[in-house]
Enquirer: 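Please see the structure below; I have some questions.
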Amino acid sequence: MGKDVIVACDFSGAEQTFSFLDRFAGLERKPFVKIGMELFYAEGPAIVREIKRRGHRIFLDLKLHDIPNTVKKAMAVLSKLDVDIVNLHAAGTTAMMKAALEGLTREDGTRPLLIAVTQLTSTDQDSMERDLLIDKPIDEVVMHYALTAKNAGLDGVVCSPLEAKKVHARCGGDFLTVTPGVRFPEGDKGDQKRVMTPADAKKIGSDYIVVGRPITAAKDPVAAYKRCCDEFCG
Ligand code: C5P
């Protein structure tokens with residue numbers, strides 16, 4: 001695992017998703033895809049099974065956050081779907097993260113990779129202080145959550161490519177950094193504020209980049225995907 005491009009399939013239904021994925025049918029190695037809440041809540045586990053049957057690896061981005069027992073049981077269900085990566089909020093605390101790992105681990109000892117969301121990139125210093133009553137600098141909070149996730153036994157974190165280097169320095173080079181916010185130099189940033197090119201994300205040491213619109217909204221998504229792979233994995 002590691003050094004791969006994950007395509008964010010941010011579509012609202014199965015039809016749109018499969019007509020997009022059909023474009024990649026000719027590739028020897030099917031893209032790693034991210035399924036988020038919108039698609040999962042619309043189509044349920046069936047879409048995960050079908051995408052898996054078609055030979056894709058899957059990052060199921062559902063960001064679980066609940067009491068440890070509930071998360072443990074939910075993770076056991078997700079583990080049976082044979083996904084490759086799942087995630088949760090580190091804010092659920094160490095007890096929740098450890099329970100999640102227990103739930104995910106199958107009888108034969110295997111399990112999907114488990115990564116944590118630290119602070120959402122939509123949370124800034126102001127909203128963190130005002131709404132969450134956390135008054136430490138946000139960088140410090142992100143690094144603390146990453147270290148807590150590492151100590152709980154998780155495999156990595158979702159973070160901005162700009163944070164990947166610091167996370168590796170703090171948590172070790174084998175602690176995975178999965179980074180969205182990737183754009184081609186000439187591309188539209190959309191609503192992403194802090195972006196990086198695939199080539200720079202590679203330089204800075206991201207393990208996986210999560211790329212949505214630069215691929216899904218491209219005139220030729222397969223060419224855009226290949227370009228990401230060449231620049232990031234090559
Ligand atoms: O279209 P774009 O490349 O911006 O898509 C990025 C993907 O990564 C989306 O699915 C978005 O929800 C997700 N993501 C993000 N920033 C985070 C966490 C997840 O952009 N901090």
Side-chain angles (χ1 to χ4, degrees), residues 4-13 16-17 20-21 31-43 47-48 51 56-65 83-92 113-125 127-128 132 138-139 141-143 145-146 149 154-164 166-167 176-202 204 206-219 221-229 231-232:
D4 211 343
V5 175
I6 302 180
V7 183
C9 286
D10 293 324
F11 301 116
S12 56
Q16 215 187 345
T17 305
F20 172 75
L21 291 178
F32 205 131
V33 303
K34 179 172 90 76
I35 302 176
M37 290 185 208
E38 183 186 12
L39 188 56
F40 188 78
Y41 291 152
E43 301 291 347
I47 195 152
V48 177
I51 293 176
H56 298 270
R57 285 151 299 149
I58 297 178
F59 168 20
L60 190 56
D61 178 19
L62 298 181
K63 301 186 179 72
L64 276 70
H65 189 174
V83 293
D84 299 276
I85 306 180
V86 288
N87 63 356
L88 46 63
H89 276 281
L113 293 173
L114 180 61
I115 62 176
V117 175
T118 56
Q119 280 293 344
L120 291 169
T121 43
S122 51
T123 305
D124 61 11
Q125 186 73 38
S127 54
M128 200 180 66
L132 307 180
I138 193 158
D139 280 9
V141 176
V142 166
M143 289 307 143
Y145 281 23
L154 268 67
D155 303 294
V157 285
V158 183
C159 63
S160 127
L162 299 154
E163 291 160 355
K166 256 197 206 168
V167 169
L176 298 173
T177 52
V178 178
T179 63
V182 173
R183 291 292 180 267
F184 293 122
E186 74 285 4
D188 182 3
K189 277 203 215 171
D191 53 356
Q192 297 282 14
K193 294 200 168 58
R194 300 187 301 149
V195 299
M196 202 175 258
T197 65
D200 284 340
K202 176 186 179 180
I204 218 152
S206 293
D207 296 294
Y208 292 90
I209 50 172
V210 178
V211 190
R213 289 161 290 181
I215 294 174
T216 56
K219 272 204 186 104
V222 177
Y225 170 70
K226 284 183 175 164
R227 181 176 168 194
C228 279
C229 292
E231 292 184 11
F232 182 68

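No hydrogens, no waters, no symmetry mates; every other heavy atom, side chains included, goes into these values. When a ligand or atom number is given, it counts from 1 through the structure's own listing order.
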Enquirer: How far apart are the C-alpha atoms of Arg183 and Thr197, what are their side-chain angles, what is the distance that settles it, and do they pass the side-chain contact (heavy atoms from CB on, under 4.5 Å) test?
Expert: CA-CA 5 Å; Arg183 291 292 180 267; Thr197 65; over 6 Å; no
Enquirer: Measure the spacing between CD of Gln16 and OG1 of Thr216 and express it to the nearest 0.5 Å.
Expert: 9.0 Å
Enquirer: With a sphere of 6.0 Å drawn around NZ of Lys226, does it hold more than 12 non-hydrogen atoms of other residues, nucleotides or ligands?
Expert: no
Enquirer: Does a side-chain N-to-carboxylate-O contact under 4.0 Å join Asp61 and Lys63?
Expert: yes
Enquirer: Tell me the residues surrounding ligand 1, counting only those with a heavy atom closer than 4.0 angstrom, sorted by chain and number.
Expert: Ala8, Asp10, Lys34, Thr121, Pro180, Arg183, Gln192, Val210, Val211, Gly212, Arg213, Pro214
Enquirer: Is the centre of the Phe32 ring less than 6.0 Å from the centre of the Phe59 ring?
Expert: no
Enquirer: Please name the residue in the list Val178, Asp10, Leu60 that meets the side-chain contact (heavy atoms from CB on, under 4.5 Å) test with Lys34.
Expert: Asp10
